[in-house]
Number of protein chains: 2
Amino acid sequence: MTFSEENYLKTIYHITSSSGTEVSTNAIAEKMETKASSVTDMLKKLADKELIVYQKYKGVILTDKGSHLAKMIVRKHRLWEVFLVDKLHFPWDEVHDIAEQLEHIKSEKLINKLDDFLGNPTEDPHGDPIPDSSGLIKKSNKLLLSEVELNKEYRCIGVKDSSSDFLKYLDKQKISLGSTFVVKERENFDDTLLVEVNSRKVTISNKIANNLFVH
Amino acid sequence: MTFSEENYLKTIYHITSSSGTEVSTNAIAEKMETKASSVTDMLKKLADKELIVYQKYKGVILTDKGSHLAKMIVRKHRLWEVFLVDKLHFPWDEVHDIAEQLEHIKSEKLINKLDDFLGNPTEDPHGDPIPDSSGLIKKSNKLLLSEVELNKEYRCIGVKDSSSDFLKYLDKQKISLGSTFVVKERENFDDTLLVEVNSRKVTISNKIANNLFVH
DNA sequence: AATTATTTTTAGACAAATCTAAAAATATAT
DNA sequence: ATATATTTTTAGATTTGTCTAAAAATAATT
């Protein structure tokens with residue numbers, strides 16, 4: 001498999017995970033920042049290899065074979081992210097681009113040894129689950145801050161939207177990866193939260209709470 | 001730079017290191033297992049980018065820029081080899097192919113953090129020197145077993161010829177990476193050596209001794 | 001239901017890296 | 001020094017992945 005084929009497979013896998021249905025040509029093109037015509041070309045190639053089921057104008061779904069390969073790429077991506085954060089001490093928001101490259105390294109032995117070296121983690125630094133060597137995925141217990149129970153302690157494991165405006169806001173509020181949250185009150189009218197962030201009381205809007213992942 | 005350009009640059013660097021003079025089109029083609037015509041095409045491209053000095057029919061040499069880039073690729077290759085052997089416990093003879101892939105990962109920050117993580121090693125598992133981040137190379141103190149002094153202790157760090165016949169011979173003699181050697185006698189007639197291998201007396205021919213690297 | 005808008009596919013072109021076969025330059029040998 | 005052999009380059013073709021522009025299919029709207 002070429003890098004490009006792997007990237008398409010991964011993208012289809014990710015869109016399927018959130019939508020559940022067939023994936024459209026345009027959806028793939030948009031996510032990969034390429035043209036629909038390029039996508040069509042590649043879909044034919046992937047269909048020939050029996051990695052996807054493709055019917056003209058009807059969108060695609062992954063075959064079992066394609067789904068397994070996609071999971072192996074996701075597995076590699078997330079294991080490398082753990083390596084970069086845990087072992088090389090990269091900030092959590094810098095690892096994605098490097099993992100995008102590392103996920104294409106081909107060696108099953110390498111990835112299984114890396115898995116052991118890292119202590120067989122089940123989640124990456126963003127709280128996303130890491131498929132095991134047979135493709136099994138322990139479902140994530142990652143939540144949005146807007147969904148948590150009152151008076152329970154949670155730890156910040158990531159953001160959904162990583163726009164610079166949002167990251168600046170977090171910086172101002174001294175919220176970072178690993179911060180602890182305890183939601184003390186929820187305003188019924190607009191779902192604004194009164195939260196203890198590292199024992200400091202902060203008011204957090206619903207929009208903000210919808211962009212913070214916790215554990 | 002593309003993977004292919006990097007591979008050409010690295011090959012030219014390696015051939016230059018051992019020959020010292022201009023590198024011929026055919027020498028490159030042979031080492032890369034490709035056709036001379038493909039090499040010519042790429043040489044033009046590398047010359048356009050001012051990474052090599054290329055004159056038709058006269059062979060090539062690296063420019064300073066090309067030489068530095070080549071060293072950075074070698075640096076990455078050798079650091080990843082150290083990672084694979086020291087941290088993931090790969091056998092020393094399995095790491096080359098994986099490092100060939102990892103050497104193309106693009107991130108200066110990654111490679112410098114990896115360097116620190118590994119304790120800034122100056123040699124890879126085969127005893128070859130690792131260029132530092134500015135391209136400086138500490139000259140190797142790697143020797144052939146045929147060149148060592150009598151009654152001094154050396155450690156096996158690699159082989160020159162890795163044909164399967166030779167590796168089988170080593171296996172039979174229980175010689176492996178890390179074995180200690182003390183040369184007790186040298187036969188003047190044919191340079192056969194009487195060697196203590198891990199305190200066991202073994203007779204080693206000059207041809208064998210010329211293929212074992214020690215420290 | 002007919003028209004308009006959107007999505008998707010096709011057709012044809014292009015750049016990168018490779019190849020084969022033939023031509024040109026250089027090296028070797030008689 | 002002339003003929004032969006080798007090396008290197010050119011010319012033209014191929015594959016992969018991309019693109020633009022136009023055509024075809026599907027979806028949305030009046």
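Since we're looking at a predicted model, the values are computed, not measured. The basis for the numbers below is simple: all heavy atoms, side chains too, and nothing from hydrogens, waters or symmetry mates. Letters go in sequence order (proteins before strands), and every chain restarts at 1.
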(Q) I need a per-nucleotide contact map over nucleotides 3-17 of chain D, read 5' to 3'. Cutoff is protein heavy atoms under 4.0 Å; write B for the base, S for backbone only, - otherwise. (A) ----SBBB------S
Report all side-chain donor-acceptor pairs from residues 40-52 of chain A shorter than 3.5 Å, counting only partners two or more places apart or in another chain.
{"residue": "A:Thr40", "atom": "OG1", "partner": "A:Ala36", "partner atom": "O", "Å": "3.1"}
{"residue": "A:Lys49", "atom": "NZ", "partner": "A:Glu5", "partner atom": "OE1", "Å": "3.1"}
{"residue": "A:Lys49", "atom": "NZ", "partner": "A:Glu5", "partner atom": "OE2", "Å": "3.0"}

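Dashed line: the shortest gap from a side-chain N or O of B:Ser38 to OP1 or OP2 of C:dC19 is under 4.0 Å. The phosphate of D:dT18 (OP1 or OP2) has no side-chain N or O of A:Thr34 nearer than 4.0 angstrom.
For B:Tyr154 and B:His215, the distance between ring centers is not under 6.0 angstrom. For B:Tyr8 and B:Tyr13, the ring centers sit 6.0 Å or farther from each other.
A donor atom on one side chain and an acceptor atom on the other are not found under 3.5 Å apart for A:Asn112 and A:Asp116.
Figure legend: B:Lys113 and A:Phe90 shown as a cation-pi pair, the cationic atom lying under 6.0 angstrom from the six-membered ring centre and within 45 degrees of its axis.
When the P atom of C:dA16 is taken as reference, atom CD of B:Glu6 falls 16 Å away, rounded to whole Å. A:Glu33 has its CD atom 13 Å from the P atom of D:dT18, to the nearest Å.
Within the structure, every pair that satisfies the ring pair (Phe, Tyr, Trp, His ring centres under 6.0 Å) test and touches residues 51-77 of chain B, not counting sequence neighbours, is listed here: B:His77-B:His96.
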